[in-house]
Each structure stands twice: as C-alpha cells, then as structure tokens.
Amino acid sequence: QVQLVESGGGLVQPGGSLRLSCVASGNIVPANVMAWYRRAHGEERELVASINNRGRTTYSDSAMGRFTISRDNGKNMVDLQKNNLKPEDTDVYYCNYGAGGWTIEATEDRAWGQGTQVNVYS
C-alpha cells in the first residue's frame with residue numbers, strides 16, 4: 001500500500017505561481033510513474049502532468065509551457081511548479097502514483113492523494 005500526501009495549494013491572483021508537492025510512503029516500487037491530475041469539474045479526473053522514475057515527462061496542452069513536473073526518487077517526492085496561473089486553473093489537484101507500466105495510464109497498482117485546492121482569481 002502506498003500513501004500520498006499533497007501540499008502547496010492555496011489562493012493566488014492570475015499570473016501568480018504555486019508549487020504543489022507530493023510525498024509518497026509505504027510499499028513503493030522503484031520503477032513507478034507519478035502524476036498530477038485535476039478534478040475537471042463535471043468530468044473524470046484530467047491528467048495534467050506525469051513523470052516516470054527515469055525522468056520522462058508528459059504534459060497536457062494547457063500545462064505545457066507553464067507547469068513543470070519534477071521528482072526526487074530518493075525522497076519519494078514529486079512537485080508541480082505552476083507559473084502564470086489562470087482562473088481556469090482553479091480546481092482540486094490530485095497526486096497519483098502507479099507501478100507496472102511505462103505511462104501513468106498503463107499502470108496497475110495506483111494510489112491517490114486526497115487532493116489540494118488551487119484557487120486562481122482576483
């Protein structure tokens with residue numbers, strides 16, 4: 001069992017920045033993928049960014065150029081630096097862990113954090 005704890009959410013004005021962090025603990029498989037999803041109100045959770053243990057990253061179109069995902073394998077931590085935030089970025093963001101696949105979508109053993117709220121408005 002893997003547990004994930006997120007932090008870093010909050011309220012910022014448009015154009016501001018936040019850094020979300022997620023720390024994993026428990027029975028972690030070294031070859032894993034970690035990701036950030038958003039709630040996407042009224043829809044299934046939407047993948048924002050992912051990174052595997054070798055550093056391969058993916059980004060959604062809206063995140064590309066504004067957000068950067070990174071990880072520290074030794075600390076079992078993944079961060080999402082969010083710059084130039086827009087009101088449409090307002091959502092709950094969830095950390096996700098997966099093992100058994102090269103991409104987050106292909107993983108079998110997945111764990112989710114409780115989510116952290118990001119509000120972007122004046």
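Note that the structure is predicted; figures quoted are calculated from it, not measured. Only heavy atoms go into these numbers, but all of them, side chains included; no hydrogens, no water, no symmetry mates.
Remark: Val2 pairs with Leu4, Ala24, Ile28, Tyr97, Ala111 by the side-chain contact (heavy atoms from CB on, under 4.5 Å) rule, at least two apart or across chains. Judged as a ring-ring contact (aromatic ring centres under 6.0 Å, His included), and not counting sequence neighbours, the contacts of Trp112 are Tyr37. Partners of Ser17 under the side-chain contact (heavy atoms from CB on, under 4.5 Å) rule, at least two apart in sequence or in another chain, are Gln81, Asn83. For Arg110, there are no salt bridge (Lys or Arg N to Asp or Glu O under 4.0 Å) partners, not counting sequence neighbours.
When the shell of 6.0 Å around CD of Gln114 is examined, it contains 12 or fewer heavy atoms from other residues, nucleotides or ligands.
Screening residues 48-89 for ring-ring contact (aromatic ring centres under 6.0 Å, His included) gives no qualifying pairs among residues at least two apart or on separate chains.
Expressed to the nearest 0.5 Å, how far CD of Glu46 lies from OH of Tyr94 amounts to 13.0 Å. Distance check: Ser62 OG to Glu88 CD gives 8.5 Å after rounding to the nearest 0.5 Å. Atom CZ in Arg19 sits 8.5 Å away from atom CG in Leu80 (nearest 0.5 Å). The structure places SG of Cys22 at 10.0 Å from CZ of Arg71, a figure rounded to the nearest 0.5 Å. In this structure, Ile51 CD1 and Thr68 OG1 are separated by 10.0 Å, a value rounded to the nearest 0.5 Å. The distance from atom CE of Met34 to atom CG of Asn53, rounded to the nearest 0.5 Å, is 11.0 Å.
Taken together through direct or relayed side-chain contacts under 4.5 Å among Ile, Leu, Val, Met, Phe, Trp and Tyr, Val78 and Val33 form parts of separate hydrophobic clusters. Hydrophobic cluster membership differs between Val118 and Val5, with clusters built from Ile, Leu, Val, Met, Phe, Trp and Tyr side chains linked at under 4.5 angstrom. Residues Met64 and Leu20 fall within the same hydrophobic cluster, defined by Ile, Leu, Val, Met, Phe, Trp and Tyr side chains chained together at heavy-atom separations under 4.5 Å.
The main-chain N or O of Gly101 is never found under 3.5 Å from a side-chain atom of Glu108 such that the two would form a donor-acceptor pair. In terms of modelled atom types and a separation under 3.5 Å, the side chain of Arg39 and the main chain of Val92 share no donor-acceptor contact. Checked by atom type and distance alone, the side chain of Asp91 never pairs as donor or acceptor with a backbone atom of Asp89 at under 3.5 Å.
Taking each heavy atom of Ala99 and Val29 in turn, the nearest pair found is CB-CB, 4.0 Å. For Leu47 against Ser60, the heavy-atom pair with the smallest separation is O-CB, 3.5 Å.
Ser50 and Thr58 form a side-chain donor-acceptor contact under 3.5 Å, judged by distance and modelled atom types alone.
Side-chain contacts under 4.5 Å among hydrophobic residues (ILVMFWY), followed directly or transitively, place Val23 together with Met77.
Side chains of Val12 and Lys82 form no contact here, defined as non-hydrogen atoms less than 4.5 Å apart. Contact of the Trp36 side chain with the Glu6 side chain is registered, since non-hydrogen atoms from C-beta on lie closer than 4.5 Å.
Exactly one of Leu11, Asn119, Leu85 qualifies for a side-chain contact (heavy atoms from CB on, under 4.5 Å) with Thr90. That residue is Asn119.
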